Amino acid sequence: MTSSRLSVNVNAIAMLRNRRDLPWPSVTGLAAIAMDAGAKGITVHPRPDERHIRKTDVFDLAELIESRYANKELCLEGYPTDDFLKLVEDARPDQVLFVPDDPDQTTSDHGWQFDKDTSQLADAIAAAKDWAVTVSLFCDPDPEAPARAVALGAERIEIYTGPYGACYDDPAAAERELGKVVATAEKAQALGLGVNAGHDLTVENIPALLARAPFIREMSIGHGFTADALIHGFAQSVVRFRQAMGEV
Ligand SMILES: CC(=O)[C@@H](O)[C@H](O)COP(=O)(O)O
Ligand SMILES: NCC(=O)COP(=O)(O)O
């Protein structure tokens with residue numbers, strides 16, 4: 001089986017589970033189905049209010065992957081508070097994506113503003129690298145961002161594709177936004193950064209992105225994936241998204 005770019009974000013499964021004091025739908029159960037179907041791994045974003053992914057989910061997923069899916073990866077996303085960094089140190093994911101989210105943000109909707117004080121971020125990056133966790137920074141589609149990420153010691157960036165994803169009904173706007181994403185990806189690649197992409201990606205908008213930036217190495221997809229899976233099922237949606245990525 002060829003390697004994949006697809007990391008399935010299971011935040012939405014946890015949100016559905018949390019509606020009742022019951023263990024289903026199972027976050028680890030759906031994660032296993034996704035990995036059995038060919039996903040490269042799982043991404044979760046345990047927000048401070050635990051609205052969806054809980055700390056216990058993180059350790060359950062880490063245990064699942066370590067015990068049954070040694071060739072798959074766990075990516076943890078979050079703002080680098082001491083509490084989040086303790087979770088990274090204890091859970092030891094394969095990758096951490098540091099995002100500049102406020103605790104009460106509805107969702108992640110912007111990358112790091114590198115002109116502001118980034119000393120806390122630099123310390124967090126150094127700590128994660130000491131724990132042998134690959135460090136990625138959430139960046140706006142801005143060609144100036146990759147050099148700032150390199151200067152802080154990041155190994156990858158994840159380009160925020162939300163503005164591109166929002167243009168599903170406006171081809172001209174989509175082309176404009178796609179151009180910003182591709183320019184940022186090309187700059188990151190030229191600087192030796194690993195290039196990830198995420199937020200509001202779908203089977204419809206992935207092909208055009210990869211046609212222009214085939215070197216993107218990972219796409220973490222949750223909301224659009226879950227919406228697709230409600231129609232097609234989790235395993236078939238992995239196949240559908242991997243087909244959109246040209247992998248199967
Ligand atoms: C960083 C990002 O764009 C998403 O991975 C994030 O996980 C979305 O978080 P919610 O699922 O809480 O909207
Ligand atoms: N980092 C992006 C992610 O994990 C999922 O984003 P979305 O597909 O839920 O918008």
Side-chain angles (χ1 to χ4, degrees), residues 4-19 25 27 30-31 34 39-55 57-58 61 72-80 84 87-88 93-113 121 134-141 145 149 154 156-168 177 181 184-185 194-206 209 216-230 234 237-238 240-242 244-245:
S4 174
R5 295 181 183 87
L6 174 62
S7 182
V8 174
N9 182 311
V10 292
N11 291 355
I13 302 305
M15 185 165 275
L16 184 58
R17 179 213 46 208
N18 293 356
R19 290 182 73 244
V27 168
L30 273 298
K40 76 172 294 181
I42 301 300
T43 293
V44 289
H45 191 151
R47 294 188 179 272
D49 60 9
E50 293 197 322
R51 67 189 73 164
H52 40 56
I53 291 293
R54 299 163 176 159
K55 285 180 181 166
D57 293 316
V58 173
L61 287 166
K72 304 292 186 178
E73 297 180 9
L74 178 62
C75 177
L76 217 44
E77 302 178 334
Y79 183 85
F84 179 72
L87 184 61
V88 174
D94 300 276
Q95 179 181 201
V96 61
L97 172 70
F98 288 129
V99 297
D101 289 11
D102 293 328
D104 57 357
Q105 251 179 247
T106 303
T107 187
S108 305
D109 58 12
H110 63 278
W112 287 96
Q113 307 305 306
L121 181 55
T134 298
V135 174
S136 182
L137 296 184
F138 198 51
C139 294
D140 290 323
R156 295 195 198 173
I157 63 169
E158 177 168 314
I159 301 172
Y160 171 48
T161 50
Y164 170 57
C167 298
Y168 55 87
E177 292 301 331
V181 174
T184 306
V195 183
N196 296 352
H199 209 91
D200 288 340
L201 292 175
T202 65
V203 293
E204 290 78 18
N205 63 32
I206 284 169
L209 171 53
I216 288 174
R217 64 186 300 166
E218 184 171 310
M219 293 178 160
S220 45
I221 307 171
H223 191 77
F225 180 91
T226 305
D228 190 272
L230 287 171
F234 234 63
S237 287
V238 169
R240 286 169 47 82
F241 273 79
R242 294 195 65 206
M245 296 172 182

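This structure is a prediction, so every number in the text was calculated from the model and none was measured. For ligands, and for the atoms within them, numbers begin at 1 and follow the listed sequence.
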- Near Asp200, which atoms of ligand 2 are under 4.0 Å from a heavy atom of that residue? 7 (P), 8 (O), 10 (O)
- Message: Using the side chain to side chain contact (heavy atoms under 4.5 Å, CB included) criterion, which residues pair with Asn9? Sequence neighbours excluded.
- Response: Asn11, Thr43, Glu77
- Message: What does the 4.0 Å heavy-atom contact list look like for ligand 1?
- Response: Asn9, Asn11, His45, Arg47, His52, Glu77, Thr107, Ser108, Phe138, His199
- Message: Can you confirm, on distance only, whether ligand 2 has an N/O atom lying under 3.5 Å from any N/O atom belonging to Gly222?
- Response: yes
- Does atom NE2 of His110 have more than 12 heavy-atom neighbours from other groups under 6.0 Å away? yes
- Item | Phe138 and Tyr160 aromatic centres sub-6.0 Å | yes
- Which ligand 2 atoms, with their elements, are less than 4.0 angstrom from a heavy-atom of Thr43? 4 (O)
- Message: What's the separation between atom CD1 in Ile159 and atom CG in Leu209, rounded to the nearest 0.5 Å?
- Response: 8.0 Å
- Message: Please verify the inter-ring angle class for Phe241 with Phe225; under 30° counts as parallel, over 60° as perpendicular, anything in between as tilted.
- Response: tilted
- Item | NZ/NE/NH1/NH2 to OD/OE distance under 4.0 Å, Glu50 and Lys55 | no
- Derivation and outcome, side-chain contact (heavy atoms from CB on, under 4.5 Å), residues Val99 and Gln105: CA-CA 11 Å; Val99 297; Gln105 251 179 247; over 6 Å; no
- Which bit of His45 is near ligand 2, meaning a heavy atom under 4.0 Å away: side chain, backbone, both or neither? neither
- Message: Between Asp49 and Arg51, does the salt bridge (charged side-chain N to carboxylate O under 4.0 Å, His left out) criterion hold? Intermediate values first, please.
- Response: CA-CA 5 Å; Asp49 60 9; Arg51 67 189 73 164; 3.1 Å; yes
- Note on the structure: Residue, atom and distance of the protein heavy atom nearest atom 6 (O) of ligand 2 read His199 CA, 3.7 Å
- Note on the structure: For His223, the atoms of ligand 2 under 4.0 Å from one of its heavy atoms are 7 (P), 8 (O), 9 (O)
- Task: Could you tell me the residue and atom name of the protein heavy atom closest to atom 3 (C) of ligand 2, and the distance to it rounded to 0.1 Å?
- Result: Ser220 O, 3.3 Å
- Query: If you count the atoms of ligand 2 from 1 in the order shown, which ones are under 4.0 Å from a heavy atom of Glu158?
  - Reply: 1 (N), 2 (C)
- Note on the structure: Of all protein heavy atoms, the one nearest atom 4 (O) of ligand 2 is Asn9 ND2, 2.8 Å
- Okay, side chain of Arg240, backbone of Val203: is any donor-acceptor separation there less than 3.5 Å? no
- Message: Using the rule side-chain hydrogen bond (donor to acceptor under 3.5 Å, both in side chains), only one of Ser136, Ser220, Ser108 pairs with Glu158; which is it?
- Response: Ser220
